[in-house]
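Here the structure is laid out as structure tokens; the discussion comes afterwards.
The structure presented is a predicted model; accordingly, all values stated were derived computationally and were not measured. Heavy-atom basis, side chains included; hydrogens, waters and symmetry copies ignored. Below, chain A is the first sequence line, B the second, and so on; all start at residue 1.
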Amino acid sequence: MDFKTLISNRISEKVNIPVKDIEKMIEIPPKPEMGDFAFPCFQLAKTMRKAPNLIAQELKNSIDSQGFEKIETVGAYLNFFVDKGILSSSTIEKILSEGKSYGNSNIGEGKNVIVEFSSPNIAKPFHVGHLCSTAIGNALYKIISSQGYNTIAINHLGDWGTQFGKLIAAFKWVDEEALEKEPIKELLRIYVKFHEEAEKDPSLEDLGRLHFKRLEDGCEEETSLWQKIKDVSLKEFNRIYDMLNVKFDSFAGESFYSDKMDEVVEILEDKGLLTESKGALVVNLDEYNMPPCIIKKSDGATIYATRDLAAAIYRKRTYDFYKNIYVVGSDQSLHFRQIFATLKLAGFDWADDCVHVAFGLVKFADKKLSTRKGDVIFLEDLLNEGISRARAAIEEKNPSLENKEDVAKKVGIGAVIFTYLKNNRERDIVFNWDDILSFDGETGPYIQYSYARGRSILGKATGFSGTPDYNKLNSKEEFELVKLLGGLNDAILSAIDKYEPSILSRYIIDVAKAFNKFYNLYPIISCEDVGLKAARLKLVESTTIVIKKVLSLLGIDVVEKM
RNA sequence: GCGCCCAUAGCUCAGUUGGAUAGAGCAACGGCCUUCUAAGCCGUGUGUCGGGAGUUCGAAUCUCUCUGGGCGCACCA
């Protein structure tokens, strides 16, 4: 039962405004005591030439109130109180019958959506900053998929570019033994050393560029070193992706496009967009009020803009995408605006379907994380610290728990992922071990705990059977929970609309809070009224279904006990 | 200098697209485990919504301006 459209229809009958417009005006009152839905009459005052509260009063008297407990006016607001029994039974039965597909829809059927995310740079450590793109991208991938879209997860590996020239130049300092044991750390060490040395001797930068040019020209020595670096890096990255349970449909990174860039240059040339400037080939973007987009450097080598253009064109041809989403830090906003503008100038109207989903940076209280300087926290260390803190919490709170290690892993990692997804993605995260790994309050473990409590109650009720009487779920707390559970699809759609997983994180916090409140206040197993007990059990079951569903969309596992 | 983003309680953040008395978590203090797991629940209070002006029935939300921060601005990604 969709009460919002019901209300819109009834109001539309009385005033001369289309149902759709009425629906947009309907709001949810700030406090549940004020009703479940509200219709403000301020805007009608002008056309009807009457005082808004008078309009509200007249509507109240003339409107059909069937299906509602009552309809009230407060000032210019017309407040609707829905029939709790009807809403509870329809919501709970829908959840139970749809199970894990509750919240899904097929609005995206037949549409391909690309989500590019994670995209770490080969040869560099996978640090705490990379989790922003990885967690947000993975969540968006799952959230969008839930609405029937055919979604493609692409890891656009940073495996090409001048940095490899620098790395190859730095290879003369490599310690083979260390490279064997801890490849990324050793590669990082020589990369850092390169930048230190380059400060004293700027000619090293030129040497790096030379090596990249040779790599791009297919020279054997550079190519084999590059392959070696890529192999050891991917091995390390896959270990992290396994811990996070993140999977990709494609690992086509920057090098994948190395043979597709000549065509980009040709296309831009044909359209007459290329101009030469200081020896480089650029696309002028003055009309967009942006600096030019560099297509070829003065030494003839390509640059990341060229590769991103090639990638976008390739993706359009291969996947014919409906949306092409880039989950990349906000520090690259200008770059993407330049790419999209260049595509547009080249006559590709689908440039408008490309979206840069930006996020803030992870930084220390005082300084920015800098790979070049080597001050960096490995993501693996953060995840392991999370796991070991979860392990300690288990020993303290529930030492007889089975599968301790499995639970510690899911709770520890869940806490980290949830922290990354809790807030508006454009906010910077100030790195603090205790904040990121908190288990109290609005955190991942709090949600997981709520789920485990629900499952525990259900486990104790096996064998019970009774016909639920949903009319008896009439307490404020029970009804609040029901209303929240009914709002899952809206929350998902809103999250997709804004490319914002935190909308779902906030939603599930609200659900868990309402659920905790409910079971702390009312007996379930020991409830004597059979109809009410059955209804409460169904409510608990519905809640566990919704929590599990939302956490899975966020890329977080649930545990049955903790 | 130019462009984009941000400023809400001591701290970290929400705020349903312009609506009713601006809310959570953390931290602090007090209460609740012989009754469904205390990673929980209940209670106690704090705000010039950065300042100013404007738009209108109505602004934390929209416009302008100032202040204070972040990021970016051609051969790195």
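Residue A:Lys363 places its side chain closer to B:rG70 than to any other of B:rC57, B:rG70, B:rA14. For A:Tyr449, the listed nucleotide lying nearest its side chain is B:rU37; candidates were B:rA20, B:rG3, B:rU37. Comparing B:rC73, B:rU37, B:rU17 by their closest approach to the side chain of A:Arg453 singles out B:rU37. Nearest nucleotide to the A:Ile303 side chain, out of B:rA77, B:rC41, B:rU12: B:rA77. When distances run from any side-chain atom of A:Arg427 to the nucleotides B:rU16, B:rC41, B:rA14, the shortest one goes to B:rA14. Closest contact between the side chain of A:Leu334 and the listed nucleotides B:rG72, B:rU16, B:rA7 involves B:rG72. If you check B:rU37, B:rA39, B:rU16 against the side chain of A:Ser456, the one that comes closest is B:rU37. Out of B:rA20, B:rU16, B:rC73, the shortest distance to the side chain of A:Pro291 is found at B:rC73. The listed nucleotides are B:rC57, B:rG23, B:rG25; the one nearest the side chain of A:Lys31 is B:rG23.
Aromatic ring orientation, A:Tyr326 versus A:Phe336: tilted (interplanar angle from 30° to 60°). Ring-plane geometry between A:Phe518 and A:Phe515 is classed as tilted, the angle between the planes lying from 30 to 60 degrees on a 0 to 90 degree scale.
Enclosure of atom NZ in A:Lys517 is not indicated, since only 12 or fewer non-hydrogen atoms of other residues, nucleotides or ligands lie within 6.0 angstrom. Enclosure of atom NZ in A:Lys422 by more than 12 non-hydrogen atoms of other residues, nucleotides or ligands within 6.0 angstrom is indicated. The number of heavy-atom neighbours closer than 6.0 Å to CD of A:Glu33, taken from other residues, nucleotides and ligands shown, is above 12. Counted within 6.0 Å of NZ on A:Lys409, heavy atoms from surrounding residues, nucleotides or ligands total 12 or fewer; the atom is thus considered open.
Across all strands shown, B:rC41 forms a Watson-Crick or G-U wobble pair, both distances under 3.5 Å, with B:rG31. Using N1 to N3 plus N6-O4 or O6-N4 for Watson-Crick, or N1-O2 and O6-N3 for G-U wobble, each under 3.5 Å, B:rC2 pairs with B:rG72. Across all strands shown, the partner of B:rU63 is B:rA53, judged by Watson-Crick or G-U wobble contacts whose two distances both fall under 3.5 Å. Nucleotide B:rC13 is matched to B:rG23 when pairs are restricted to Watson-Crick or G-U wobble geometry with both distances under 3.5 angstrom. With a cut-off of 3.5 Å on both pairing distances, B:rU48 has no Watson-Crick or G-U wobble partner at all.
Using a 4.0 Å heavy-atom distance criterion, A:Gly161 is classed as a sugar-phosphate-only contact. Backbone-only contact: A:Tyr446 has heavy atoms under 4.0 Å from sugar-phosphate atoms and none from a base. At a threshold of 4.0 angstrom between heavy atoms, the contacts of A:Phe359 with the nucleic acid are absent. Using a 4.0 Å heavy-atom criterion, one finds that A:Val411 contacts the bases of the nucleic acid, with or without backbone contacts as well. Using a 4.0 Å heavy-atom distance criterion, A:Ala76 is classed as making no nucleic acid contact. Residue-level contact check: A:Asn424 touches the backbone only, with heavy atoms under 4.0 Å from sugar-phosphate atoms and none from bases. Heavy atoms of A:Lys460 sit under 4.0 angstrom from primed sugar atoms or phosphate atoms, though from no base atom. Across all strands, A:Lys498 comes closer than 4.0 Å to base atoms (heavy-atom distances). Within 4.0 Å (heavy atoms only), A:Glu254 reaches sugar-phosphate atoms of the nucleic acid but no base atom.
Syn is the conformation of B:rC33, whose glycosidic angle sits no further than 90° from 0. In textbook terms, a nucleotide whose glycosidic angle is within 90° of 0 is syn, and B:rU17 is one such case.
Partner of A:Thr302 under the side chain to side chain donor-acceptor pair (under 3.5 Å) criterion, chosen from A:Arg307, A:Lys296, A:Glu254, A:Lys213: A:Arg307.
At a cut-off of 3.5 angstrom, the base of B:rA74 holds at least one donor-acceptor pair with the side chain of A:Ser277. For A:Tyr304 and B:rA77, a side-chain-to-base donor-acceptor distance below 3.5 Å is present, hydrogens and geometry of angles not being considered. Residue-to-nucleotide contacts include no donor-acceptor pair under 3.5 Å from the side chain of A:Asp440 to the base of B:rA38.
B:rU16 and B:rG23 have their P atoms separated by 13 Å, given to the nearest Å. Between B:rG47 and B:rU55, the two P atoms lie 30 Å apart (nearest whole Å). B:rU35 and B:rA28 are spaced 28 Å apart, taking the P atom of each and rounding to whole Å. Between B:rA9 and B:rU46, the distance separating the two C1' atoms is 5 Å to the nearest Å.
Comparing A:Lys561 and A:Ala301 by the nucleotide of RNA chain B whose heavy atom lies nearest to each, the residue mapping closer to the 5' end is A:Lys561. Where A:Ser526 and A:Ser330 meet RNA chain B, the nucleotide closest to each residue was compared, and A:Ser526 sits on the side nearer the 5' end.
Checking side-chain atoms of A:Glu426 against main-chain N and O of A:Ala358 turns up no donor-acceptor pair under 3.5 Å.
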